[in-house]
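The analysis underlying the following values was restricted to heavy atoms, covering all of them including side chains, and did not include hydrogens, waters or symmetry mates. For reference, positions follow the sequence shown, starting with 1. This is a predicted model, so every value here is computed, not measured.
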Amino acid sequence: MFIRPTVFVVGAGASSDVGLPLGAGLVKIIGGKVDIRHEDAFRQTHGDPVIAAAIKLRNELSTKDAGGAHPYFAPNVYFQSGGSIAASMSQAISIDNYLHTHSSDVTINWMGKAGIVSSILEAESKSSMSHSRNRGRMRLDDLEDTWYNVFFQMLTEGVLREELESIFTNVSFICFNYDRCIEHYLASAIANYFRITLDGAQQITSRLQIIHPYGQVGRLPWQSVTGAIDFGKAPSADELIELVGQIKTFTEQIEEEDVLKRMHSVLSHAKRIVYLGFSYANINMKLMNISTTQPPGGIKRVFGTGFNLSLQNVESIKAQITSCLPGQHAPLTSVSIANSKAAPFLKDHWKPIME
């Protein structure tokens with residue numbers, strides 16, 4: 001169990017442990033899904049058919065609402081925007097950065113978000129956490145070498161079964177990924193290890209604070225009665241329309257003060273901050289900059305993965321982290337960035353993170 005307030009900041013490199021795509025791979029998948037083309041104006045030859053169906057359904061609904069007069073958008077405009085996204089993905093740092101660039105373009109943003117939802121749900125279904133791989137249950141043995149398992153070992157070290165209710169007291173997550181891998185895994189892992197029902201484990205996991213700055217591809221069914229979808233489920237057209245609304249761009253997130261306040265609060269109260277599989281992109285670091293919004297806190301040590309980063313980049317990242325965290329009265333004792341992936345990193349830094 002964590003004895004000091006600890007925040008884990010999670011990026012795409014962490015989810016890749018279970019088979020989800022990294023940023024470069026994700027933009028290519030999204031590009032393929034939103035590049036919707038038709039032959040003879042009817043037969044779809046490219047792109048995701050569910051996204052195409054969702055666009056047509058939105059058009060039908062908007063036309064009906066307008067009394068059959070003028071729909072507020074034409075499907076072809078969205079198909080053209082999808083083609084523009086596909087043509088730009090090889091140039092994009094990430095889909096988040098691309099959508100931020102085009103934050104004023106409604107159709108680009110809707111298509112990009114639809115591509116995110118479809119791509120991430122599909123990736124969940126193919127991941128090593130998918131229940132469909134093992135008769136409706138997660139194969140925890142398949143996750144032995146992942147950071148999720150190492151984190152769980154850290155979380156449960158010295159914890160009695162009777163203390164389970166308070167297991168997440170000093171830990172929280174800021175997850176920049178759209179997937180639900182953390183919460184999905186922890187519920188199954190807790191149920192198995194502590195020999196309780198999955199329902200009971202899900203109730204305990206619901207107490208863990210996981211902040212998704214850019215939203216997520218729906219809540220899990222045990223987290224919400226609305227806007228929810230099973231892990232890895234292929235969405236229908238109407239489900240896709242609803243789930244698109246849960247994805248946020250950088251610009252939209254800046255306007256959501258509640259999420260920013262929660263994120264800044266956990267960072268300001270942390271004694272340990274751990275970056276896992278995180279790319280340290282400028283727009284993401286900007287969202288976590290608490291130097292001007294929070295009073296000096298008690299942050300003492302920062303740890304992070306920096307797999308295959310150059311020495312020059314690591315030094316710049318350390319300086320950026322230091323400038324983002326207030327430390328006038330409680331200066332950072334160290335910022336450690338290691339050339340390592342998430343699982344071996346946690347094993348190597350177990351003791352200093354936990355002490």
**Student:** Kindly compute the distance separating CD1 (Ile204) from OG (Ser166), expressed to the nearest 0.5 Å.
**Tutor:**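 One finds 9.5 Å between CD1 of Ile204 and OG of Ser166.
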
**Student:** Consider only side-chain heavy atoms of I, L, V, M, F, W and Y, link residues closer than 4.5 Å, and tell whether Leu143 and Leu198 are in one cluster.
**Tutor:** no

**Student:** Determine whether Leu22 and Met129 fall in the same hydrophobic cluster, where Ile, Leu, Val, Met, Phe, Trp and Tyr are linked whenever their side-chain heavy atoms lie under 4.5 Å apart.
**Tutor:** no

**Student:** If you compare all heavy atoms of Val18 against all heavy atoms of Cys181, which two are closest, and at what distance to 0.1 Å?
**Tutor:**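 Scanning both residues, the minimum pair turns out to be CG2-SG, 4.1 Å.
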
**Student:** Around Gln44, counting heavy atoms of other residues, nucleotides and ligands shown, do more than 12 lie under 6.0 Å from its CD?
**Tutor:** yes

**Student:** Side chains of Asn109 and Glu252: any donor to acceptor distance under 3.5 Å?
**Tutor:** no

**Student:** Just by distance, with hydrogens left out, do Gln153 and Trp350 show a side-chain donor and acceptor under 3.5 Å apart?
**Tutor:** no

**Student:** Would a line drawn from the ring center of Phe303 to the ring center of Tyr275 be shorter than 6.0 Å?
**Tutor:**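 No: the rings miss the under 6.0 Å criterion.
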
**Student:** According to a 4.5 Å side-chain heavy-atom criterion applied to Ile, Leu, Val, Met, Phe, Trp and Tyr, with indirect links allowed, do Val266 and Leu325 form part of one hydrophobic cluster?
**Tutor:**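 Linked, Val266 and Leu325 end up in one cluster.
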
**Student:** May I ask you to decide if the ring planes of Phe278 and Tyr280 are parallel, tilted or perpendicular, using 30° and 60° as cut-offs?
**Tutor:**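 Plane angle over 60°, so perpendicular.
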
**Student:** Does Ser334 reach the main-chain N or O of Ser336 with its side chain, forming a donor-acceptor pair under 3.5 Å?
**Tutor:** no

**Student:** Please round to the nearest 0.5 Å and tell me the distance separating atom CG of Leu287 and atom CE of Met263.
**Tutor:**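 Between atom CG of Leu287 and atom CE of Met263 there are 5.0 Å.
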
**Student:** OH of Tyr193: more than 12 outside heavy atoms within 6.0 angstrom?
**Tutor:**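 No, the 6.0 Å shell around OH holds no more than 12 heavy atoms from other groups.
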
**Student:** Please confirm whether the backbone N or O of Gly13 pairs with a side-chain atom of Ser16, one donor and one acceptor, at under 3.5 Å?
**Tutor:**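 Checking the backbone N and O of Gly13 against the side chain of Ser16, a donor-acceptor pair under 3.5 Å is found.
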
**Student:** We want to know whether Asp142 and Ser128 form a side-chain donor-acceptor pair, criterion being a heavy-atom distance below 3.5 angstrom.
**Tutor:** no

**Student:** Could you check whether Lys341 makes a cation-pi contact with Phe307, meaning its NZ or CZ is under 6.0 Å from the centre of the six-membered ring and within 45° of the ring axis?
**Tutor:** yes

**Student:** Does a donor on one side chain and an acceptor on the other come within less than 3.5 Å for Ser236 and Glu239?
**Tutor:**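 Yes, because at least one side-chain N or O of Ser236 sits under 3.5 Å from a partner of the opposite role on Glu239.
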
**Student:** Could you grab the distance from atom CE of Met154 to atom CG of Asn149, nearest 0.5 Å is fine?
**Tutor:**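 The CG atom of Asn149 is 12.0 Å from CE of Met154, to the nearest 0.5 Å.
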
**Student:** Run the numbers on Arg301 and Glu355 for salt bridge (charged side-chain N to carboxylate O under 4.0 Å, His left out), then give the verdict.
**Tutor:** CA-CA 11 Å; Arg301 302 192 67 179; Glu355 67 184 14; 3.4 Å; yes

**Student:** Distance alone, cut at 3.5 Å: any donor-acceptor contact between the side chains of Asn177 and Ser15?
**Tutor:**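 Looking only at side-chain atoms, Ser15 and Asn177 do form a donor-acceptor pair, the distance falling under 3.5 Å.
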
**Student:** Phe151 pairs by ring pair (Phe, Tyr, Trp, His ring centres under 6.0 Å) with which of Tyr185, Phe173, Phe345?
**Tutor:**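 Considering Tyr185, Phe173, Phe345, a ring pair (Phe, Tyr, Trp, His ring centres under 6.0 Å) with Phe151 is found only for Phe173.
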
**Student:** For residues Tyr214 and Asn284, is any side-chain donor paired with an opposing acceptor at under 3.5 Å?
**Tutor:** yes

**Student:** Has the side chain of Arg4 got a donor or acceptor atom that lies under 3.5 Å from a matching backbone atom of Ala270?
**Tutor:** no

**Student:** For His212 and Phe176: C-alpha separation, side-chain torsions, deciding distance, then whether ring-ring contact (aromatic ring centres under 6.0 Å, His included) applies.
**Tutor:** CA-CA 6 Å; His212 289 267; Phe176 281 86; 9.6 Å; no

**Student:** Tell me whether Ser130 contacts the main-chain N or O of Lys126 through its side chain, where contact means a donor paired with an acceptor under 3.5 Å.
**Tutor:** no

**Student:** Going hydrophobic residue to hydrophobic residue with side-chain gaps under 4.5 angstrom, can you get from Leu99 over to Ile93?
**Tutor:**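 Unlinked, Leu99 and Ile93 end up in two clusters.
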
**Student:** With no hydrogens and no angle check, do the side chains of Thr107 and Asp105 hold a donor and an acceptor under 3.5 Å apart?
**Tutor:**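 Side chains of Thr107 and Asp105: pair found under 3.5 Å.
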
**Student:** Do NZ/NE/NH1/NH2 and the carboxylate oxygens of Asp35 and Arg37 come within less than 4.0 Å?
**Tutor:**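 Salt bridge: yes.
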
**Student:** With salt bridge (charged side-chain N to carboxylate O under 4.0 Å, His left out) as the criterion, how do Glu165 and Arg207 come out once you've worked through the C-alpha distance, each side chain's angles and the decisive distance to 0.1 Å?
**Tutor:** CA-CA 9 Å; Glu165 296 288 332; Arg207 298 170 191 166; 2.2 Å; yes

**Student:** Does Leu309 have more than 12 heavy atoms from other residues, nucleotides or ligands lying within 6.0 Å of its CG?
**Tutor:** yes

**Student:** Parallel under 30°, tilted from 30 to 60°, perpendicular over 60°: which one fits the rings of His100 and Phe250?
**Tutor:**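 If you compare the ring of His100 with that of Phe250, the planes turn out perpendicular.
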
**Student:** What heavy-atom pair brings Ala92 and Tyr98 nearest, and what distance separates the two atoms?
**Tutor:** CB-CB, 4.3 Å

**Student:** Between the main-chain N or O of Pro75 and the side-chain N or O of Asn59, is there a donor-acceptor pair closer than 3.5 Å?
**Tutor:** no

**Student:** Does the separation of the ring centres of Phe2 and Phe8 fall below 6.0 angstrom?
**Tutor:**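 Yes, the ring of Phe2 comes within the 6.0 Å limit of the ring of Phe8, centre to centre.
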
**Student:** Going by distance alone, is a donor N or O of one side chain under 3.5 Å from an acceptor N or O of the other, for Thr197 and Asp199?
**Tutor:**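 Result is no, nothing qualifies.
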
**Student:** Determine the minimum heavy-atom distance between Ser188 and Met138, stating which atoms define it.
**Tutor:** OG-CE, 3.8 Å

**Student:** Testing Ile273, Val7, Val9 one by one against Met288 for a side-chain contact (heavy atoms from CB on, under 4.5 Å), which residue passes?
**Tutor:** Val9

**Student:** Hey, quick one: are Phe152 and Val159 part of the same hydrophobic cluster, counting side-chain heavy atoms closer than 4.5 Å, chains of contacts allowed?
**Tutor:**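 Linked, Phe152 and Val159 end up in one cluster.
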
**Student:** To the nearest 0.5 Å, how far apart are CD1 in Ile116 and CD1 in Ile30?
**Tutor:** 5.0 Å

**Student:** Please report the interatomic distance OG1(Thr249) to CD1(Ile108), rounded to the nearest 0.5 Å.
**Tutor:** 13.0 Å

**Student:** If you take all heavy atoms of Ile95 and Val27, which pair is closest and at what distance?
**Tutor:**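 That closest heavy-atom pairing would be N-CG1, 3.5 Å.
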
**Student:** Would you mind reporting whether Asn170 and His269 have side-chain heavy atoms less than 4.5 Å apart?
**Tutor:** no

**Student:** Rounded at 0.5 Å granularity, tell me how far CD in Glu315 sits from CG in Asn313.
**Tutor:**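 So the gap between those two atoms works out to 10.0 Å.
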
